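Heads up, the thing below is written out as structure tokens.
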Amino acid sequence: MQQLLDTAEKIRTMEIRGAGRIAEAASAALRDYVLDLKVTNIKDFNKKVDEAANILIQTRPTAVSLPNAVQITKRHTSEDVAGAREEILHNAEVFLKQAGEALERMGKIGAKRIHDGDVIMTHCNSHAALSVISTAFKQGKDISVIATESRPRRQGFITIRELNDYGIPTTLIVDSAVRYCMKEVDTVIVGADAITVNGALVNKVGTSQLAHAAHEARKNVLSVAETFKFSPNTILGDMIDIEERSADEVIDQEILAELPNVKVKNPAFDITPAEYIDMIITEVGAFPPQMAYTIIKEHLGWELSHMG
Ligand SMILES: O=P(O)(O)OC[C@H]1O[C@H](OP(=O)(O)O)[C@H](O)[C@@H]1O
């Protein structure tokens, strides 16, 4: 259990971050937990697995990849412990393999939408978006990237390091320079933490400003998202919970303490409506956001009878 608690803490503190990475870490943590679980009764086994699953799911509320990965990993039909353990280990193996392959597939599919000479704007640090950008570059396309800083956690700094390592010409801008710089941009490419049934994109706070400015300037907006980032529960009317993080990510606590009339709001994500998104690149193809329902139904095995 200690290992699983350590992974949960790393996800909560964002030592492990990125919607895809936290999904993979959770699936692997559940696999390792089940491997060591010493119970002989299936009821106890299921109870323990559910408890562990909930610990992982509760670490961060917004990225739907996390509960989806946990559900995909823990589902089993066996009525005995050995069989259930076997199924869960198999599920984790398949999920982790598919997640790795998805990144590569999305890179290939998305790269077709990037042309020689394109200037791409990206936000935060998305492994999925970077897979598309790096694939296009490796194909020999002459591209450059404008990367936002992505306050408050400045994940943009991770992005510019990765782009630099690829040798891709990159410009770093502060988040508030997005609209000013949009005239130079051909395509905006971002990742996703969740996609709802109506095709709305939930991603790092500031994404909706990028998409809005791109829409105004008639530039393309692509989101790159594995099918496990689509939210089945939104079909039942659930809303995506937007994570609010601590004020000290935004301002020094001592400074804040001197300002009794000031409070800090620190939402980690925002919502971009479907009409501002041209295409969602998944591992099974490029779709308009309006097709989210079909993706959920066909690729997440969604059935009304399975839902609460
Ligand atoms: O799965 P990949 O594409 O890596 O990342 C998807 C999204 O996850 C990140 O969230 P955070 O930094 O963990 O809060 C960003 O919002 C990023 O766009």
Side-chain angles (χ1 to χ4, degrees), residues 7-28 56-69 95-96 98-107 109-111 120-135 145 147-163 175 178 188-196 200-211 221-231 240-246 249-250 266-272 277 280-283:
T7 301
E9 185 60 9
K10 283 182 185 163
I11 294 174
R12 200 185 59 74
T13 59
M14 293 176 66
E15 189 179 328
I16 300 173
R17 55 146 295 280
R21 294 279 159 95
I22 63 177
E24 289 171 350
S27 180
L56 291 165
I57 289 172
Q58 278 159 16
T59 51
R60 294 196 71 192
T62 303
V64 137
S65 52
L66 180 59
N68 279 349
F95 179 76
L96 293 171
Q98 286 180 347
E101 288 169 356
L103 216 50
E104 207 176 310
R105 287 275 308 150
M106 294 187 298
I109 294 169
I120 296 155
M121 184 179 276
T122 191
H123 184 55
C124 196
N125 176 254
S126 159
H127 303 89
L130 282 173
S131 175
V132 170
I133 295 167
S134 62
T135 303
V145 177
T148 59
E149 181 187 24
S150 313
R151 280 277 292 155
R153 301 280 300 219
R154 294 193 166 93
Q155 292 99 324
F157 287 8
I158 308 170
T159 297
I160 59 168
R161 277 188 186 284
E162 292 184 28
L163 291 168
D175 300 336
V178 157
V188 170
I189 305 183
V190 293
D193 289 86
I195 293 170
T196 66
L201 165 67
V202 182
N203 194 46
K204 183 57 53 188
V205 69
T207 300
S208 67
Q209 289 174 166
L210 246 78
V221 177
L222 304 182
S223 170
V224 193
E226 299 88 332
T227 48
F228 61 76
K229 290 177 184 162
F230 286 69
S231 169
I240 303 283
D241 193 3
I242 300 295
E243 178 179 4
E244 292 262 353
R245 295 189 61 89
S246 154
E249 289 186 348
V250 180
N266 184 19
F269 303 97
D270 67 16
I271 302 152
T272 302
I277 304 158
I280 300 175
I281 312 291
T282 76
E283 74 277 20

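Predicted model, so just to flag it, every value in this text is computed and none were measured. Counting starts at 1 for both ligands and their atoms, following the listed order.
- Inclusion of R21 in the set of residues having an N or O under 3.5 Å from an N or O of ligand 1 is not warranted.
- In terms of modelled atom types and a separation under 3.5 Å, the side chain of H123 and the main chain of V205 share a donor-acceptor contact.
- When atom types are taken as modelled, the side chain of T62 and the backbone of E243 share a donor-acceptor pair closer than 3.5 angstrom.
- Taking distance alone, with nitrogen or oxygen atoms compared against 3.5 Å, G18 approaches ligand 1 more closely than that limit.
- The side chain of K229, and not its backbone, has at least one atom closer than 4.0 Å to an atom of ligand 1 (non-hydrogen atoms only; side chain from C-beta on).
- Checking side-chain atoms of T159 against main-chain N and O of C124 turns up a donor-acceptor pair under 3.5 Å.
- Counting non-hydrogen atoms of other residues, nucleotides and ligands closer than 6.0 Å to CD of Q209 gives a total of 12 or fewer.
- Atom CG of N266 and atom CD of E244 lie 7.0 Å apart (nearest 0.5 Å).
- At a 4.0 Å cut-off, not a single heavy atom of V190 sits close enough to ligand 1 to count as contact.
- For atom 5 (O) of ligand 1, the closest non-hydrogen atom of the protein is A19 N, 3.4 Å.
- The shortest N or O to N or O distance between A129 and ligand 1 is not under 3.5 Å.
- The ligand atoms of ligand 1 that sit less than 4.0 angstrom from a heavy atom of R60 are 11 (P), 13 (O), 14 (O).
- Between the side chain of S150 and the backbone N or O of R154 there is no donor-acceptor pair closer than 3.5 Å.
- Contact check for Q58 versus R12: no side-chain heavy atoms found under the 4.5 Å cut-off.
- Taking atom 3 (O) of ligand 1 as the reference point, the nearest protein heavy-atom neighbour is S126 OG, 2.7 Å.
- Polar contact with ligand 1: absent for H123 (N/O pair, distance under 3.5 Å).
- Of all protein heavy atoms, the one lying nearest to atom 6 (C) of ligand 1 is A192 O, 3.4 Å.
- Of the heavy atoms in N125, only backbone atoms (N, CA, C, O) come closer than 4.0 Å to ligand 1.
- By the 6.0 Å contact criterion, CZ on R245 is enclosed, its count of non-hydrogen atoms from other residues, nucleotides or ligands being greater than 12.
- Here F95 pairs with F228 under the ring-ring contact (aromatic ring centres under 6.0 Å, His included) rule; sequence neighbours left out.
- Of the options R161, R17, Q155, a side chain to side chain donor-acceptor pair (under 3.5 Å) to N125 is made by R17 and by none of the others.
- With a 4.0 Å cut-off on non-hydrogen atoms, R153 does not touch ligand 1 at all.
- Close N/O approach between E226 and ligand 1 is not found [any backbone or side-chain N/O within under 3.5 Å].
- Close approach to Q155 involves these atoms of ligand 1, each under 4.0 Å from a residue heavy atom: 12 (O).
- For ligand 1, the atoms sitting less than 4.0 Å from at least one non-hydrogen atom of M14 are 12 (O), 14 (O), numbered in the order shown with element in parentheses.
- Contacts with ligand 1 closer than 4.0 Å are made by side-chain heavy atoms of C124 only, the backbone lying farther away.
- In terms of polar-atom proximity, A128 is counted as a contact of ligand 1, with an N or O under 3.5 Å from an N or O of the ligand.
- When side chains are defined from C-beta on, I189 counts as touching V224, because their heavy atoms get closer than 4.5 Å.
- Between the side chains of T227 and E283, at least one donor N or O lies within less than 3.5 Å of an accepting N or O.
- The heavy atom nearest to atom 14 (O) of ligand 1, considering only K204, E24, E243, R17, is found in K204.
- Under the 3.5 Å distance criterion, the side-chain polar atoms of S131 are matched with a main-chain donor or acceptor of L103.
- Proximity annotation for atom 10 (O) of ligand 1: of N203, D193, T62, D193 comes nearest, heavy atoms only.
- Heavy-atom proximity to F269, at under 4.0 Å, picks out these atoms of ligand 1: 10 (O), 14 (O), 16 (O).
- Summary of contacts: the protein heavy atom closest to atom 4 (O) of ligand 1 is H127 ND1, 2.5 Å.
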